[in-house]
Number of protein chains: 2
Amino acid sequence: MKLTTRGRYAVTAMLDLALHGKDGPISLADISSRQDISLSYLEQLFAKLRRGELVSSVRGPGGGYRLSRSEEAINVADIIDAVNESTDATNCGGKGICQNGEMCLTHHLWDDLSTQIHLFLSGISLAQLTRKEHVQSICERQDGHESAANNPQNLIETETVNA
Amino acid sequence: MKLTTRGRYAVTAMLDLALHGKDGPISLADISSRQDISLSYLEQLFAKLRRGELVSSVRGPGGGYRLSRSEEAINVADIIDAVNESTDATNCGGKGICQNGEMCLTHHLWDDLSTQIHLFLSGISLAQLTRKEHVQSICERQDGHESAANNPQNLIETETVNA
DNA sequence: TATTTACTTGACTAAAAGAGTGGGTTATTT
DNA sequence: AAATAACCCACTCTTTTAGTCAAGTAAATA
């Protein structure tokens, strides 16, 4: 089992996409500023998410990413798998060769745990997450911060933005 | 969530102790040879297990470690906690300060996952593990290997061992 | 067609964590 | 006293993470 910021960032970014991508693609710059994740790092993550066919990209001005399937059809385990983190808790990749090619004493335990974790995470879809109350309130807070914090030039040069 | 060889080794070693420690303490050297875990590494782990009051030690010849409570009263989560791995899957230690001091979009998800994992692991005691069929058969295999593989000098100098 | 905007790729790196080693000390038994 | 085994500490090697940087490609607009 390996769950680090990589997997967490990926899920957070995908949830952001689910929340904001109703009408049109979302740029990584937007996600970056809302979620405080470095743009370059997001690019790496989305390269993997795209290879995993969880998102599709639209190039050019006004482009960005959108979910490649419905929110209901994407679960958390999908996302974590796509960015190369695994829900496998064994040391041998589930192969049972943990002690000199033979099975170690606790192999089955970790195997069971893996199943458990995967079951839990694959039972949670993006759609479910977007419906949660605390997710919605955090989302609103982030939308509030965003315009003020990340586009301070708006206050001066409104024309270039609206042109 | 952090589950690495450290936690896995600790559980394996504790299970070995449960399986072999019925009559008297077990030395780390024995566990090391049966489970293929470096002796020095085991010493580190058992220092933590002792601080966590999961094992007690007996020094001197014939000494070793024994479980400090019954097999029924020690569960897998206890062991993993003791060696400083955690079942916490959040990035903020469960505090909810994951995004500049405020809560990130997916905090609750990781919090729920942590609960789930902890629930699962704390529901499995050493006693339960020792009763599993596959554990018993692996244990027998290891007991067979042990004498031949790790004491080749027995074949030559039987006296020093039996003296 | 030139430019803008945005995605793509890959190399690179600093810092942290993991895994393991080695040397020496202390306590206990034989 | 000698052997055994726990105890303690410092250190190293390797891998992974998290993130940066730079150059490039593709699409849309003006």
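What you see is a predicted model; the values in this text were computed from it and never measured. Naming: A, B, ... by sequence-line order, numbering from 1 per chain.
Place A:Gly62 and A:Arg51 on DNA chain C by their nearest nucleotides, and A:Gly62 ends up nearer the 5' end. Annotation: of the two residues near DNA chain D, B:Leu39 and A:Tyr41, the 5′-most nearest-nucleotide partner is B:Leu39.
Within the 4.0 Å cut-off from OP1 or OP2 of C:dT21, at least one side-chain nitrogen or oxygen of B:Ser38 is found. A sub-4.0 Å separation between OP1 or OP2 of C:dT8 and a side-chain N or O of A:Arg50 is present. In this structure, A:Arg6 reaches the D:dT17 phosphate: one of its side-chain N or O atoms is under 4.0 Å from OP1 or OP2.
A:Gln99 and B:Arg141 share a donor-acceptor pair across their side chains, judged by distance under 3.5 Å alone. No side-chain donor-acceptor contact under 3.5 Å links A:Gln128 and A:Glu72.
Using a 4.5 Å heavy-atom cutoff, the side chains of B:Ile26 and B:Arg66 are not in contact. Under the 4.5 Å side-chain criterion, counting only non-hydrogen atoms from C-beta, A:Arg69 is in contact with A:Leu54.
Using cut-offs of 30° and 60° on the angle between ring planes, the pair B:Tyr41 and B:Tyr9 is perpendicular.
With D:dC21, D:dA27, C:dA19 as the candidates, the nucleotide lying closest to the side chain of B:Thr4 is C:dA19. Checking C:dC7, D:dA3, D:dT20 against every side-chain atom of A:Ser40, the shortest atom distance belongs to D:dT20. Of the candidates D:dA6, C:dT5, D:dT20, D:dA6 carries the atom nearest the B:Ser57 side chain, counting heavy atoms from C-beta on. Nearest nucleotide to the side chain of A:Pro61, out of C:dG18, D:dA6, D:dA27: D:dA27.
The distance between atom CD1 of A:Ile26 and atom P of C:dA6, rounded to the nearest whole Å, is 12 Å. As a whole-Å value, the separation of B:Lys48 NZ from C:dG18 C1' is 11 Å. The OH atom of A:Tyr9 sits 4 Å away from the P atom of D:dG19 (whole-angstrom rounding). Between the CG atom of B:Asn91 and the P atom of C:dA17 there is a distance of 12 Å, given to the nearest Å. Atom CD of B:Glu43 is separated from atom P of D:dA10 by 16 Å (rounded to the nearest Å). Note: CG (B:Leu42) to P (D:dA5) measures 14 Å, nearest angstrom. Atom CZ in A:Phe46 sits about 17 Å away from atom C1' in C:dT9, given to the nearest Å. With rounding to whole Å, B:Arg66 atom CZ is found 14 Å from D:dA5 atom C1'.
No N or O donor and acceptor, one from the side chain of A:Gln44 and one from the base of C:dT8, sit under 3.5 Å apart.
If you check every strand for non-hydrogen atoms under 4.0 Å, A:Tyr65 touches sugar and phosphate atoms only.
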